[in-house]
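What follows is a single structure, written as structure tokens, with notes after it.
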Amino acid sequence: MAYSSGGRLPFESASKLGHLNVIESEWVQSLLKDFETNDVDNADNYENDIWENFDPSSAQPLNHIWAADGSYVSVEENHKELAFVKTALMTVEQGKIAAIDKEYPHPLKLQEIMKDSALFHATVFPLRNLKSDKGNIYDTVRHVIYDSMRTDENGQYFETLKWLAYKKWDGQKNNSLSFECPHCSKVIENGIPYDQDTGVCPHCHKEVLLTDMIGFHLDMNEENASDSVASHYMLIMEMLMLFTVIRLQWANKDTTLISDTLFIKDGPMTLNGQYSKLVPNIREFLNYAKNQGRPIHIIGSEKSGSFFEYLSLCSRFVKPDPGNIKYAVLSHGYIRRVIQRAPDRGNPYGLRTNWGEKVFVYLDENTHMVLNMTTGGYDRADSYPTSTDIIGLQRILATLPALVSRKYEGALYPIELVNGIASMSNYPSAKILQDFVRDAVQ
């Protein structure tokens, strides 16, 4: 491990000749001679018996589209650090997207689709060397999260958090999930009473916020917060924005509307660490909706990572079937054995963290994608899930061809459009925000 620079002296650079001993080692040379290469261009190296065929004309496409995306940027200025978060939600009609030329989309048609169709949410978190009238970094960030959700769109996103936390769809008046008190660190086993915005810790008798249930305070201390607070707030808000539409459609007089809508999230359907406590409630609702005969069609699109890389390799050996879509629902056993290359574990893939399962989709030689789709419940079996477990699989697949964009590999127009609203780049966005911080924070 090299010494890093502290600002006064330079960092320690790695040796430019350190590799020579490795190359000259007889033991290393003998090992390399024993290794045999698996040719990545050999189809036998991939399990291509996982693919199934689907005729998109055999199912009715979903007519309404909602998509959510988000981004965050950390900014440092004069030893102060902040994180800006932006999330966006937009709606488009499937018929309008289907009419766009996939190879040469007309910018005016794209502009027409996006007109008056999007919402965005923004907030900022102090991470280091800042405070507010709420107190230190720890309490300030807790209240920024609480106030940001309660204020924007007249509290609709906060109401959705309550709807999920209290499982309001089942009419049972449940308490919230249990969580660790941000003041005394003891577990509040009974959570917060039904439909309350705040509660009182039974151990230290201090006020706790419903947003404390999510667990952001576990990524902070009194004077500093990790930028993971910003990244996880972004993920939570993407989910809450989508589920706000779902909650409102669930209560709509037109009971068929929610099942004629495709909800799209940029990225996997995953909440890690302490943030995963919402996953069981999300699964429970999706399963409840399925059993009520009102299935909810949600997908998440992965544009990078191990699943995307593997699909990029193995898709070259998939035989195109013009007019049909090929897809593969990945079982937990397949993911562990082929993607993760891991031994059998006590906790199967995604047990606590995932509210969607992985599905490979192959439309043609140039278009393939890694999607997450929902099942509602969860089964620990290695053979789970199969295509029959995926909620609304056929209608989702029938909708995809009209949404494809040729601008990027495996791209979907709704995600491409909402990303244009939500994204903030390191340059120039971060530089502009840094100038903004310099003027706004003294």
> Taking Arg283 for the side chain and Gly376 for the main chain, is one N or O donor matched with an acceptor at less than 3.5 Å?
Replying inline: no

> How far apart are the closest heavy atoms of Tyr166 and Gln196, and which atoms are they?
Replying inline: OH-O, 2.5 Å

> If you take all heavy atoms of Gln249 and Trp66, which pair is closest and at what distance?
Replying inline: NE2-NE1, 3.7 Å

> Which of these, Lys167, Lys173, Lys168, sits in a salt bridge (Lys or Arg N to Asp or Glu O under 4.0 Å) with Asp195?
Replying inline: Lys168

>> Using side-chain hydrogen bond (donor to acceptor under 3.5 Å, both in side chains), reason through Arg352 and Ser276 one step at a time and then give a plain yes or no.
In response: CA-CA 6 Å; Arg352 302 183 186 278; Ser276 66; over 6 Å; no

>> Check for me whether the distance between the ring centres of Tyr157 and Phe243 falls short of 6.0 Å.
In response: no

> Any ion pair linking Asp382 and Arg337 (charged N to carboxylate O, less than 4.0 Å)?
Replying inline: no

>> Checking Thr375 against Tyr384 for the side-chain hydrogen bond (donor to acceptor under 3.5 Å, both in side chains) test, could you report, in this order, the C-alpha distance in whole Å, the side-chain angles of both residues, the deciding distance, and whether it holds?
In response: CA-CA 10 Å; Thr375 58; Tyr384 182 89; 3.1 Å; yes

>> How close do Val124 and Val144 get, counting heavy atoms only, and between which atoms?
In response: O-CG1, 3.5 Å

>> As a quick check of understanding, evaluate side-chain hydrogen bond (donor to acceptor under 3.5 Å, both in side chains) for His79 and Asn129, giving each step before the final call.
In response: CA-CA 7 Å; His79 304 294; Asn129 292 333; 5.7 Å; no

Can you give the donor-acceptor pairs under 3.5 Å from side chains of residues 177-192 to other protein atoms, not counting sequence neighbours?
residue, atom, partner, partner atom, Å
His183, NE2, Glu207, O, 2.8

>> By the definition side-chain contact (heavy atoms from CB on, under 4.5 Å), identify the one residue from Leu403, Leu412, Ile415, Val359 that meets it with Ile299.
In response: Leu412

> Going through the checks in order, is the side-chain hydrogen bond (donor to acceptor under 3.5 Å, both in side chains) test met by Thr244 and Gln156?
Replying inline: CA-CA 7 Å; Thr244 294; Gln156 289 293 338; over 6 Å; no

>> Among Ile65, Leu417, Asn419, Leu119, exactly one meets side-chain contact (heavy atoms from CB on, under 4.5 Å) together with Met90. Which residue is that?
In response: Leu417

